[in-house]
Protein chains: 2
Amino acid sequence: MKVSQKGLYALQAMMMLARHYSQGAIRIRDIAYEENLPEKFLELILLELKNARIVESVRGAKGGYQLRRAPSEIYLSEIIRLIDGPLAPFGDAASLRELIDRDLPHRALYQVFLEVRDAAARILESTSLHDIANASETSIGKGKSRRKKKEPQVLPMVVHGGKGSQNA
Amino acid sequence: MKVSQKGLYALQAMMMLARHYSQGAIRIRDIAYEENLPEKFLELILLELKNARIVESVRGAKGGYQLRRAPSEIYLSEIIRLIDGPLAPFGDAASLRELIDRDLPHRALYQVFLEVRDAAARILESTSLHDIANASETSIGKGKSRRKKKEPQVLPMVVHGGKGSQNA
DNA sequence: ATAAAGCCTATTAACTTACTCGACTTTAAT
DNA sequence: ATTAAAGTCGAGTAAGTTAATAGGCTTTAT
């Protein structure tokens, strides 16, 4: 799996939108400026993210982009898969499983590839924008806990961003 | 991290040489034939592997290629790093650590990248050609045990590579 | 000598990457 | 209704990478 420059831009833009979540639509220009990204290129990236229904746009004057879901509900895996393709180091999970079944001489190699992809998927499918959007946060990936999936939003009220309290 | 077609060819060729280990030098043509690889392209790949001292060549008539170390001493990480570069999904481990230190707004993202690279490294640095060379072997990555590092080559004789024996 | 090998440099077509350009459409504000 | 501020979208492009191929050179067993 490879994250391209474009993929990095996408992740940065999404982190920015996560930081400004519930501040309404943010202009491309402002995202580009704050994250130091090439504006026209970013435009294409946001379009892709919009078509994938991860962000939404507001057109016309006072328009811009915003996340369609809470930052805690958007996983890095989604963004990376969209922009850079499958997480496997070669092919994708499905084709690897095929090869494991059909290409007997090399099945052990493909199994290793699948293990690597599973390891990456475990990390990227359990890390959300919320987890990484504010650097000051609870250390991340250092000490102890970490790794949860959803935290079924116990609050009955809106609060719109039931962040995600990990701290067993 | 991405394994290219070239990288896959390299791994296949190395698996083939592992299967024929201690049968002396094998001609490029025979490797290409047995593994169904483009011969001239394979030649380039083997040259790189030779310059990296993973294989050695015997020139002239009756020449060919052979592994320079036992298959159990050659890890997939070496081959992949040589042909396809660092295991990290973006940049390499060193530059990621730099970014984690210096790019505060994005450090959590780079930390995730580093986690992914560490996970890949754990797998690829502990899987040797011996582990995958013979498909019929002890299942690999399925059931239970797996993951060992060296198997200290019980023979008291040379063993040629006194690297560093860990085996608590 | 000669044939069988690997060595090595160059070339290439196709593709990918990281962009930019500019015309078009939608919408808020006047 | 006009205008200016936005996103939309199709094209284009320079540079780089990938997956090869070609062919002459060198080494070595016989």
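Residue numbering restarts at 1 for every chain, and letters A, B, ... go by the order of the sequence lines. As the structure is a computational prediction, the values presented were derived from the model and not from experiment.
- Judged by atom type and distance alone, R59(B) reaches the base of dT26(D) through a side-chain donor-acceptor pair under 3.5 Å.
- If you take CD of Q5(B) and P of dT16(C), they are 13 Å apart, rounded to a whole angstrom.
- Separating the CD atom of E43(B) from the P atom of dA20(D) is a distance of 15 Å, rounded to the nearest angstrom.
- Checking D84(B) against L42(B), the closest nucleotide of DNA chain D that is more toward the 5' end is the one next to D84(B).
- Rounding to whole angstrom units, CG of residue L49(A) and C1' of dT8(D) are separated by 15 Å.
- Here G63(B) lies in heavy-atom contact (under 4.0 Å) with sugar-phosphate atoms only.
- For the pair E39(A) CD and dT20(C) C1', the computed distance is 12 Å after rounding to whole Å.
- Distances shorter than 4.0 Å separate none of the side-chain N or O atoms of S4(B) from OP1 or OP2 on dT17(D).
- Atom pair F41(B):CZ and dA22(D):P shows a separation of 14 Å (rounding to whole Å applied).
- Comparing dT28(D), dC7(C), dT8(D) by their nearest atom to the side chain of S57(A) picks out dT8(D).
- Looking at K62(B), its side chain has no donor and acceptor atom pair within 3.5 Å of the base of dG6(C).
- For R29(A) and dA6(D), the CZ to P distance is 6 Å, given to the nearest whole Å.
- Which of dA19(D), dC7(C), dT20(C) sits closest to the side chain of K40(B) comes down to dC7(C).
- Of all nucleotides listed (dG22(C), dA29(D), dC7(C)), dC7(C) comes nearest to the side chain of Y65(B).
- Counting only heavy atoms from C-beta on, P38(B) has its side chain closest to dT21(D) among dG6(C), dT8(D), dT21(D).
- The interatomic distance linking E48(A) (CD) with dT8(D) (P) rounds to 13 Å, in whole Å.
- Remark: side-chain polar atoms of D131(A) are paired, donor with acceptor, to backbone N or O of S128(A) under 3.5 angstrom.
- At a threshold of 4.0 angstrom between heavy atoms, the contacts of L44(B) include nucleobase atoms, whether or not backbone atoms are also involved.
- Here the shortest heavy-atom pairing between L87(B) and A120(B) reads CD1-C, 4.4 Å.
- A donor-acceptor pair is defined here as one N or O able to donate and one able to accept, closer than 3.5 Å; such a pair exists between the side chain of S126(A) and the backbone of I123(A).
- With the nearest nucleotide of DNA chain C identified for both Y9(A) and I26(B), I26(B) has the one nearer the 5' end.
- Regarding L47(B), its CG atom lies at a distance of 15 Å from the C1' atom of dG23(D), rounded to whole Å.
- For the atom pair L129(A) CG and E78(A) CD, the distance stands at 8.5 Å (nearest 0.5 Å).
- Not a single donor-acceptor pair under 3.5 Å links the side chain of D84(A) to the backbone N or O of V3(A).
- Between K50(B) and the phosphate of dC7(C), there is a side-chain N or O to OP1/OP2 separation shorter than 4.0 Å.
- The pair R81(A)-E125(A) meets the salt-bridge criterion, with a side-chain N (NZ, NE, NH1 or NH2) lying under 4.0 Å from an Asp/Glu carboxylate O.
- Nucleic acid contact class of K6(B) (heavy atoms, under 4.0 Å, all strands): sugar-phosphate only.
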